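Worksheet: the structure to be examined is printed underneath.
The basis for the numbers below is simple: all heavy atoms, side chains too, and nothing from hydrogens, waters or symmetry mates. Worth saying up front: this structure is predicted, and the values here are computed from it rather than measured. In this chain, residues are counted from 1 in sequence order.
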Amino acid sequence: NLQMHVKDDAPPKMKMMAAKGMVPAPPAQQVQVLYQLHFDSKFSADVADSLKGIPPNVLLPIVQGDQSEGLLDWIAEVHDDAGVLEALILNNKTADATVCSVAKEAEGKLTEVIANNQVRVLRTPAIIAALYENPSVRMNTVDKLIELAQRNDVDLSQFPSLKNALQGAAAEDDSQGLSEEAYSELLDSEAAKANRENQKLKELEDDGLTRSERERLERELVKDDDEEEDSGRELSLHQKVREMSIAQKIRLGTVGSREAIKLLVRDPNKLVHMAAIQSPRIKVGDVKRLSSNKSLPDGVVNYIARNRNWTSDYEVLTNLVMNPKTPLSEVTGFLKHLRPKELRDLTRNRNVSHQVSRMAKRMLKQRRR
């Protein structure tokens, strides 16, 4: 009887009845029906609403049972009840990839439940990376996970943020850093600010925007940064950063807002400024501003110059050519992509080295032939 509502050739009305949870069936079978229908984009929104409408106490025995990985993954994606998610995470049938996805957004007790499953986190280091990049996870939990990874020789080379964290733990100084409470409060504030920034960046990625709308959003982002500095928040953040331990700075450089990254990318400690420039929150717009900064550490400029995704942007490319800290070997390659106007500007620019100026002159002559 239930298959009549979910088979490919079932009438749309029958499918919609099932999608809205109007077909009488035991809860476990009801969830199976909803799962089958969620693959059809016409009904995916309705079945998601129906699943959310199932009381947590009814859903709990289902997620604790012997279910397919796909079903459990879908429930984790749609349902946000902490009790349901905890039961789902504790179910051995749940895929590690599902737990990793939950770890990125989890809060409170849920983060501890994920972190305490040592077998799972050692088997799937991506879960450790997800928890590390989640601002809601306490620093002492992160420290325990990093220590666990070190003890068990876990390969974290594919996760730049964790690689920096491991090196930071090994190079930690005598500084105690901010208290757990003060640091957690700062991370919460940074996460809220980063979420607002991400929302504006998503709006900027809308292909339907006119040029004026795009420029307005870009100016709002810059204006937000300027207002933070004018309000004295940057000074306050700077003071807190000075009190932080290396490990705390590295994590802030990974999960912090654009303002925090802009501050930490100038930190004299190599581990800190490299964690900041490798932050997943760094966008091309940020790199455009950073690439022209002549006071950045050499390692940061080198990293930008070797990132082909960033140097494919013409503004980043020209900024790097005019930045005296960019390695000459990289500048040589960049010059080939410059337009005649920028090459002429380089020949008159006294802030670039004589070698770069001469190469620009030679390239102009070659193009005139």
Side-chain angles (χ1 to χ4, degrees), residues 129 132-137 139 142-143 146 159-173 175-180 182-198 201 221-222 224-229 231-307 310 316 319 323 325:
Y132 184 82
E133 294 177 11
N134 181 344
S136 300
V137 180
M139 193 67 194
V142 164
D143 290 339
I146 290 174
F159 308 107
S161 59
L162 285 180
K163 186 178 178 182
N164 289 323
L166 281 168
Q167 292 174 330
E172 190 59 271
D173 52 18
S175 171
Q176 294 298 311
L178 290 178
S179 67
E180 181 74 26
Y183 188 68
S184 295
E185 184 180 337
L186 177 64
L187 283 188
D188 288 342
S189 170
E190 284 294 300
K193 188 171 189 297
N195 287 336
R196 292 195 298 271
E197 292 170 350
N198 288 342
L201 287 168
L221 276 170
V222 175
D224 287 346
D225 282 348
D226 293 342
E227 286 178 353
E228 293 286 2
E229 292 178 16
S231 67
R233 184 182 183 278
E234 198 210 11
L235 179 60
S236 172
L237 180 62
H238 191 278
Q239 290 171 337
K240 289 177 181 176
V241 166
R242 283 193 342 193
E243 297 174 21
M244 289 181 191
S245 64
I246 293 175
Q248 288 176 334
K249 287 182 183 180
I250 290 173
R251 190 170 181 219
L252 181 62
T254 302
V255 306
S257 65
R258 294 163 75 244
E259 178 195 355
I261 291 169
K262 186 175 69 174
L263 178 63
L264 291 168
V265 84
R266 302 195 300 265
D267 193 276
N269 186 288
K270 182 179 179 180
L271 294 173
V272 175
H273 62 238
M274 291 308 296
I277 195 60
Q278 292 173 27
S279 169
R281 299 193 188 276
I282 286 273
K283 307 295 181 186
V284 174
D286 302 305
V287 179
K288 286 179 182 179
R289 300 174 72 184
L290 289 171
S291 55
S292 60
N293 190 331
K294 298 175 178 60
S295 64
L296 285 181
D298 292 352
V300 172
V301 179
N302 291 352
Y303 185 83
I304 295 173
R306 291 185 171 91
N307 189 312
W310 292 343
V316 173
N319 286 345
N323 192 326
K325 290 196 173 181

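- No donor-acceptor distance shorter than 3.5 angstrom exists from the side chain of Arg281 to the backbone of Arg258, with no hydrogens or angles considered.
- Nearest heavy-atom pair across His273 and Asp267 is ND1-O, 2.8 Å.
- Taken to the nearest 0.5 Å, the NZ atom of Lys288 stands 13.5 Å off from the CD1 atom of Ile304.
- Thr254 places a side-chain heavy atom less than 4.5 Å from the side chain of Pro280.
- No donor-acceptor distance shorter than 3.5 angstrom exists from the side chain of Gln248 to the backbone of Tyr183, with no hydrogens or angles considered.
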task = Kindly indicate, with the supporting measurements, whether the criterion side-chain contact (heavy atoms from CB on, under 4.5 Å) is fulfilled by Ile282 and Leu290.
result = CA-CA 10 Å; Ile282 286 273; Leu290 289 171; 4.3 Å; yes

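- With contacts defined as side-chain heavy-atom distances shorter than 4.5 Å, the pair Val255/Asn134 does not qualify.
- Asn269 has its side chain out of reach of Lys249: every pair of non-hydrogen atoms, C-beta onward, lies at least 4.5 Å apart.
- Listed here is the closest heavy atom pair of Asn323 and Ser291: ND2-O, 3.0 Å.
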message = Checking Asp286 against Ile261 for the side-chain contact (heavy atoms from CB on, under 4.5 Å) test, could you report, in this order, the C-alpha distance in whole Å, the side-chain angles of both residues, the deciding distance, and whether it holds?
response = CA-CA 10 Å; Asp286 302 305; Ile261 291 169; over 6 Å; no

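- Annotation: side chain of Asp143 is not in contact with side chain of Arg251 (no heavy-atom distance under 4.5 Å).
- A donor-acceptor contact shorter than 3.5 Å is absent between the side chain of Tyr132 and the backbone of Val142.
- Scanning all heavy atoms of the two residues, the minimum distance from Arg266 to Pro297 falls at CA-CD, 4.1 Å.
- The line from OH of Tyr303 to CD of Gln278 is 4.5 Å long, rounded to the nearest 0.5 Å.
- More than 12 heavy atoms of other shown residues, nucleotides or ligands fall within 6.0 angstrom of atom NZ in Lys325.
- For Ser279 against Gly253, the heavy-atom pair with the smallest separation is CB-O, 3.1 Å.
- The line from CD of Glu180 to CE of Met139 is 8.0 Å long, rounded to the nearest 0.5 Å.
- Counting all heavy atoms, side chain and backbone alike, Lys240 lies closest to Leu186 at CD-CD1, 4.2 Å.
- Of all heavy-atom pairs between Trp310 and Ile277, the closest is CH2-O, 3.6 Å.
- In this structure, the side chain of Asp188 does not engage the main chain of Glu185 through any donor-acceptor pair within 3.5 Å.
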